2 protein chains.
Amino acid sequence: MAEKKSDRTRASILAAARERFGADGYERATIRAIAADAAIDPAMVMRYYGSKEKLFAAAAEFDVRLPDLRGVPREQTGEVLVRHLVERWEEDDTLRVLLRTAVTNESAAERMRQVFIGQLTPAFERAAMDEPAVRAGLIATQALGFALCRYILEFEPIVGLSTDEAVAWLGPTITRYLTAPLPSQV
Amino acid sequence: MAEKKSDRTRASILAAARERFGADGYERATIRAIAADAAIDPAMVMRYYGSKEKLFAAAAEFDVRLPDLRGVPREQTGEVLVRHLVERWEEDDTLRVLLRTAVTNESAAERMRQVFIGQLTPAFERAAMDEPAVRAGLIATQALGFALCRYILEFEPIVGLSTDEAVAWLGPTITRYLTAPLPSQV
DNA sequence: AGCATATGCCAACACTTGTTGACTTTTGCT
DNA sequence: AGCAAAAGTCAACAAGTGTTGGCATATGCT
């Protein structure tokens, strides 16, 4: 009896929650709508997850799973990183949930910071780069901007790009943010 | 009597609305809160703007006012464009309103598309570029991603950049999106 | 001054939200 | 079969939302 009945409804609630949060954002995704999608009573959502805030926390739980960049030659790091991020983004809508909600929900924004600054910066620090935080931030601007335009705002020219095209365009940008010397201050 | 009493309250409502929409997003910015900020009765907001949706439309009304890029040498177009956008963004919170709400509000998203795809693409078309829409889209990813990280998510390393530093980092990226040949398809 | 109009305030409406508690049904064990 | 716990249902709550109409006040014109 590894699989109890409750586990399945628990999971279906979570799936419905991810869908709704990802499509509508935190405020407009109502408990009632999520419950309806999961074909379940709204009270069940409360019983299983305690509150909307906690349900959201469960739905937005995720990990970037950065690839190991140590063996990759300098000039290809951007490509590898972009490809990883894009593929990660396509396969899992948790990131979309996070992006859509981070804009109005402070705790989601904090998690976004943790992921993109908190996880990238130390990785670059280990590689003995100067200003690792700035480089991590710049990479975040391009990566998140791409995700925003592709998945949230749905700009047609960006939606139409294949993974390979996206990698070819964005890769060199990321590589430059990673390797270029600091601009001389003015 | 060019300046009537009602014009002032009209304006103060609009200012309060911009502030609230920009800080909280569409759903969480309530008419009551906006009215309180403007030291006015909520019913006044309705009398002057008809509905929340119409008030939002008025608050998000704006124009990028693209600079004339024709005299600028190719290699500097990115810098000029970035500097213009950053300065535009700093001076006026309408853009922040739009960015924060576009994520959950379809009509705001549509306006964002109009601005970044609809205004940039024809400008590049006139310059006889290949794939002007893709180039406009790519520029939008970097510009919006920067704005997102700087003004909405408030990533410290990005918030800390001066305008000149931002231009130095992002300029070459934009220039490349503007001038690089299309990547060979795979 | 007197009056019409513009401006503002108050209280209430209909509705939706997250959340709760009491009640019924199903499940699994002995 | 009998029973306790789990799982699910139902109706209601308190709070907050956009929105409306009626009533008071101030303003400007003659």
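Note: hydrogens, waters and symmetry copies are ignored here, and every other heavy atom, side chains too, is used. Predicted model, so just to flag it, every value in this text is computed and none were measured.
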A.B. asks: Heavy-atom contacts under 4.0 Å between residues 30-45 of chain B and DNA chain D, which residues?
C.D. replies: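 Contacts with DNA chain D under 4.0 Å: B/Thr30, B/Ile31, B/Arg32, B/Ala43.
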
A.B. asks: How long is the line joining CG of A/Asp24 and C1' of C/dT17, in whole Å?
C.D. replies: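 Checked: the CG to C1' distance equals 15 Å.
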
A.B. asks: Can you measure A/Arg20 atom CZ to C/dG18 atom C1' for me and round it to whole angstrom units?
C.D. replies: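 Distance check: A/Arg20 CZ to C/dG18 C1' gives 16 Å.
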
A.B. asks: Do any side-chain nitrogens or oxygens of A/Ser51 fall under 4.0 Å of OP1 or OP2 in C/dG18?
C.D. replies: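 Indeed not, no polar side-chain atom of A/Ser51 lies that close.
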
A.B. asks: Which of parallel (below 30°), tilted (30 to 60°) and perpendicular (above 60°) describes A/Tyr177 and B/Trp169?
C.D. replies: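 Plane angle over 60°, so perpendicular.
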
A.B. asks: For a salt bridge (Lys or Arg N to Asp or Glu O under 4.0 Å) check, start with the C-alpha distance between B/Arg65 and B/Glu91, then their side-chain angles and the critical distance, and finish with the verdict.
C.D. replies: CA-CA 13 Å; B/Arg65 298 202 305 257; B/Glu91 91 197 4; 3.4 Å; yes

A.B. asks: Below 30° counts as parallel, above 60° as perpendicular, anything between as tilted: where do the rings of B/Phe116 and B/Trp89 land?
C.D. replies: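 Judged by the thresholds at 30° and 60°, the geometry between B/Phe116 and B/Trp89 is tilted.
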
A.B. asks: In whole Å, what is the span from the CZ atom of B/Arg8 to the P atom of C/dT7?
C.D. replies: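 Rounded to the whole Å, the gap is 12 Å.
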
A.B. asks: With under 30° as parallel and over 60° as perpendicular, where do the rings of B/Phe21 and B/Tyr26 fit, or are they tilted in between?
C.D. replies: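 Correct class here is parallel.
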
A.B. asks: Measure from NZ or CZ of B/Arg135 to the centre of the six-membered ring of B/Phe124, then state whether that distance is under 6.0 Å and the direction lies within 45° of the axis.
C.D. replies: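 Negative - B/Arg135 is either too far from the ring of B/Phe124 or too far off its axis.
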
A.B. asks: Indicate whether any N or O donor in one side chain lies under 3.5 Å from an N or O acceptor in the other, for B/Thr94 and B/Asp92.
C.D. replies: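 Their side chains do contain a donor-acceptor pair, which is all the 3.5 Å distance test asks for.
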
A.B. asks: Check the distance between C/dA22's P and A/Met46's CE and give it to me in whole angstrom.
C.D. replies: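 It is 16 Å, rounded to the nearest whole Å.
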
A.B. asks: Measure from CZ on B/Arg10 to P on C/dT7 and round the result to the nearest Å.
C.D. replies: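 Taking CZ of B/Arg10 and P of C/dT7, I get 10 Å after rounding.
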
A.B. asks: Counting heavy atoms from C-beta on, name the nucleotide in C/dC9, C/dT20, D/dT9 closest to the side chain of B/Arg47.
C.D. replies: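 Closest nucleotide to the B/Arg47 side chain: C/dC9.
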
